[in-house]
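All chains are named by letter (A, B, ...) in the order of the sequence lines, taking the proteins before the strands, and each is independently numbered beginning at 1.
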There are 2 protein chains.
Amino acid sequence: MDDHSRPKRNRPPSMYDVARLAGVSQTTVSFVVNNVTSAAISQETRDRVWAAIHALGWRPNAMARSLRTRHSQTLGLISDEVVTSPYAVRMILGAQEAAWSGQQMLLVVNTSGQRDIEQTALQFMLERRVEGLMYAAMYHHEVTPPPELKLVPVVLVNCFVADRSLPAIIPDEVQGGYTATAALIRRGHRRIAFINEIIPMPALFGRLEGYRQALADHGLPFDPSLVRSCHSNAHDAFAAALSLLERDDRPTALFCFNDKMAMGAYDAIKRLGLRIPQDVAVIGFDNLELIAAQLYPPLTTVELPHYEMGRRAVELLQNLPAGESLPPMQHYLPCPLIERESI
Amino acid sequence: MDDHSRPKRNRPPSMYDVARLAGVSQTTVSFVVNNVTSAAISQETRDRVWAAIHALGWRPNAMARSLRTRHSQTLGLISDEVVTSPYAVRMILGAQEAAWSGQQMLLVVNTSGQRDIEQTALQFMLERRVEGLMYAAMYHHEVTPPPELKLVPVVLVNCFVADRSLPAIIPDEVQGGYTATAALIRRGHRRIAFINEIIPMPALFGRLEGYRQALADHGLPFDPSLVRSCHSNAHDAFAAALSLLERDDRPTALFCFNDKMAMGAYDAIKRLGLRIPQDVAVIGFDNLELIAAQLYPPLTTVELPHYEMGRRAVELLQNLPAGESLPPMQHYLPCPLIERESI
DNA sequence: CTTTAAGACTAAAACGAATTACTAATTCGA
DNA sequence: TCGAATTAGTAATTCGTTTTAGTCTTAAAG
């Protein structure tokens with residue numbers, strides 16, 4: 001044979017190599033591999049092709065395929081800190097598993113909040129022709145993403161833009177606050193303190209509103225002196241809890257803005273020789289397994305639905321008619337109650 | 001003009017579109033974009049080309065480029081549970097940032113330990129022609145990865161194969177145990193208890209060996225009764241700590257297998273009315289910010305170098321001469337001491 | 001015996017870049 | 001003033017697929 005028939009050495013086999021070995025055309029190999037029904041290929045030939053494929057260890061070249069089909073089978077996730085934060089790794093997981101079941105891969109870039117990284121990350125993803133983009137934030141807040149984001153279907157996760165002009169998936173903070181408070185009320189508590197975050201953010205306002213709504217709905221008065229604000233760490237929450245519990249009419253339950261603060265509250269309660277939940281009930285927020293499950297007694301808390309947000313985001317992008325972009329809907333996901341033993 | 005000169009609607013512009021607008025050939029556009037020095041293109045023409053690029057909003061198609069250059073600019077990371085575990089999200093971060101600085105993207109798939117997912121994930125990555133693969137485990141242990149892994153340069157992260165035939169990046173458990181123990185000895189402690197993990201794993205043996213070496217090096221006797229084993233959770237560690245501290249000759253320092261267990265130890269110490277670190281010093285392992293920084297007093301601990309492992313893994317893959325695979329070296333990374341206030 | 005219709009394939013043209021091998025017009029040196 | 005060198009660029013091929021539009025047999029129908 002002449003020159004061109006020798007196998008091109010040291011590169012993965014292509015359909016041509018398979019075709020040559022099977023004694024058919026490359027087109028036929030393609031038809032066999034993709035099970036194209038409109039093409040009539042005899043069973044015999046199919047078998048020969050598959051045999052050749054296995055013999056050579058051929059596997060499709062996704063780049064070539066994507067180039068031709070104009071489908072990259074890829075979604076992108078740009079996050080500020082999500083990946084590092086144990087708060088939200090579940091979001092990545094949810095997104096990845098959903099992408100996975102749609103035969104897509106997830107491209108993840110963490111920007112550490114740096115604008116320039118964000119920009120180049122976005123360029124990278126656009127160059128790779130991602131079929132959809134998620135722009136995610138570590139904690140629920142307002143963002144101003146780069147405008148190029150709109151070149152491709154996009155959904156915000158755990159964040160939103162001021163004018164709500166982009167679709168977003170965010171936790172229902174009000175419902176979360178309501179759920180936590182109502183759970184305590186259901187256990188018979190009437191004096192429920194709330195140790196809230198002090199830095200203004202949607203979670204602060206939302207959970208407070210939920211707290212007030214739950215009280216109102218159950219005919220309980222709202223007592224502003226039962227609401228304390230401090231930075232969301234165990235140490236400051238320790239002090240806040242202490243001051244609340246040293247009052248004569250001490251509350252019988254503590255609703256903490258998050259699990260870290262609940263950790264501080266636990267310390268304060270134990271320090272005062274009180275028992276959880278007999279003397280004081282505690283409920284947290286976030287459901288950080290690491291803390292909530294390790295505390296004694298295990299902490300009842302409200303979960304931020306990170307996994308669900310990641311999953312939903314991908315699903316929205318996947319069910320999109322080709323070429324269109326998502327309507328700017330704001331999807332509020334419920335924060336479920338995770339019952340353990342602290343209330 | 002005839003038919004083929006009209007722009008192909010509703011798809012991103014290609015180099016041909018740019019070329020047409022700038023009045024040059026596609027080749028010239030390519031030369032300008034890639035700054036090919038061997039080609040002589042006048043400054044005037046370069047400017048025209050760039051102007052056209054900006055006018056059209058052209059950006060390279062990574063799939064086409066990769067197909068031609070046979071470089072996917074992509075690395076893959078297959079992990080069992082790493083992504084979900086707050087233990088090791090830093091590994092992903094380290095890998096991603098290193099990949100990033102090498103102009104590569106990271107493809108991450110979490111298998112949840114399921115063999116079939118692992119298999120398809122691997123196929124996916126091979127189809128995408130990743131230039132290197134990382135196979136990572138949630139906790140340091142022996143693995144048996146699928147054989148196809150060897151079709152591409154690969155490095156194990158936080159795990160190893162029985163015959164050490166694959167390169168691996170793993171934490172130096174012995175050094176970690178030594179570091180923790182030596183830190184306590186340096187603070188004057190002589191009776192140092194060790195609350196160890198009970199399920200056999202490299203960390204258990206390594207840290208114990210480090211503990212013994214440190215004692216020996218400082219002329220201290222090894223007292224088996226000061227070593228307790230239990231499951232690595234706060235609750236069991238609480239009990240273990242309590243039993244150690246209720247002895248007449250109670251130890252003055254507790255080395256805990258990990259931070260979760262240190263959390264239980266804290267509870268035990270506080271329950272007995274003892275102070276940290278004045279009455280009992282505590283040192284942990286893992287450096288889970290979430291726990292270590294929130295505990296009171298903040299926990300001194302030894303860090304598992306997850307970020308560093310991720311980074312190193314990518315660097316090894318990047319510095320590989322084309323076509324070769326990594327020598328099966330086992331890279332032991334040191335576990336640094338993170339000083340806070342508990343010793 | 002000729003036409004039609006399956007049946008079983010194949011040739012060739014995309015997809016969007018990178019790259020090699022030219023061409024045409026100047027400029028330079030002797 | 002002639003050939004060589006330089007400058008400025010282009011045509012054509014390639015990467016590995018998918019897909020459209022055929023081609024060539026053979027069998028059935030009329």
Look at the side-chain N and O atoms of B:S42 and state whether any lies under 4.0 Å from the OP1 or OP2 oxygen of D:dG9. yes
Of the listed nucleotides (C:dC9, D:dT10, C:dA17), which one gets closest to any side-chain atom of A:I41? C:dC9
Between C1' on C:dA17 and CZ on A:R68, what's the gap in Å once rounded to a whole number? 16 Å
Whole-Å gap separating C1' (C:dC9) and CD (A:E44): 14 Å
Expected output: side-chain B:T111 to main-chain B:G113 donor-acceptor under 3.5 Å: yes
The side chain of A:S14 is closest to which nucleotide in this list: C:dA17, D:dT17, D:dC15? D:dT17
Keeping the roles fixed (side chain from B:N158, backbone from B:M138), state whether a donor-acceptor pair exists under 3.5 Å. yes
Can you list, in residue-number order, the parts of residues 26-37 of chain B that come under 4.0 Å of DNA chain C, counting heavy atoms only? B:Q26, B:T27, B:S30, B:F31, B:N34
Set out, line by line, the N/O atom pairs under 3.5 Å between protein and nucleotides 23-26 of chain D.
none

It should be established whether A:R11 places a side-chain nitrogen or oxygen under 4.0 Å from OP1 or OP2 of nucleotide D:dC15. yes
Looking only at side-chain N and O atoms, does B:R46 come under 4.0 Å of OP1 or OP2 in D:dA8? no
Quickly work out the B:M63 CE to C:dA18 C1' distance and round it to whole Å. 16 Å
Audit row: A:M134, A:V314, side chain to side chain contact (heavy atoms under 4.5 Å, CB included) steps and yes/no: CA-CA 8 Å; A:M134 278 122 79; A:V314 167; 3.7 Å; yes
At under 4.0 Å between heavy atoms, what does A:R59 touch on the DNA or RNA strands: base, sugar-phosphate, or nothing? sugar-phosphate
Report yes if a side-chain nitrogen or oxygen of B:W58 is closer than 4.0 Å to either non-bridging phosphate oxygen (OP1 or OP2) of C:dA17; otherwise report no. yes
Closer to the 5' end of DNA chain D via nearest nucleotide, is it B:R70 or B:A40? B:A40
Whole-Å gap separating P (D:dT7) and CD (B:Q43): 15 Å
Taking D:dT10, D:dT17, C:dA18 as options, the one with an atom nearest any side-chain atom of B:M15 is C:dA18
Just checking A:F160 against A:H141, ring centres under 6.0 Å apart? no
Measuring to OP1 and OP2 of C:dA8, would you say a side-chain N or O of A:T45 lies under 4.0 angstrom away? no
Counting N and O atoms only, with roles assigned by atom type, does the side chain of A:E131 sit under 3.5 Å from a partner on the main chain of A:Q73, one being a donor and the other an acceptor? yes
Which pairs count as salt bridge (Lys or Arg N to Asp or Glu O under 4.0 Å) when at least one residue sits in residues 28-49 of chain A, sequence neighbours excluded? none
B:H71 NE2 to C:dA17 P, in whole Å, measures 18 Å
Could you check whether A:S66 gets within reach of a base, just the sugar-phosphate, or nothing at all, counting any heavy atom under 4.0 Å? nothing
Output the rounded distance in Å from CG (A:D17) to P (D:dC15). 10 Å
OP1 or OP2 of C:dA18 sitting under 4.0 Å from any side-chain N/O of B:R65? yes
Side chain B:T69, main chain B:R65, donor-acceptor under 3.5 Å: yes
Report yes or no: does A:E148 contribute a side-chain atom to a donor-acceptor pair with the main-chain N or O of A:L126 at less than 3.5 Å? no
Separation of C:dC15 C1' from B:N61 CG (nearest whole Å): 8 Å
Do B:Q26 side-chain atoms and B:R20 backbone N/O form a donor-acceptor pair below 3.5 Å? no
In whole angstroms, the gap separating C1' of C:dA13 from OH of B:Y16 amounts to 13 Å
Does B:S66 reach the main-chain N or O of B:H71 with its side chain, forming a donor-acceptor pair under 3.5 Å? yes
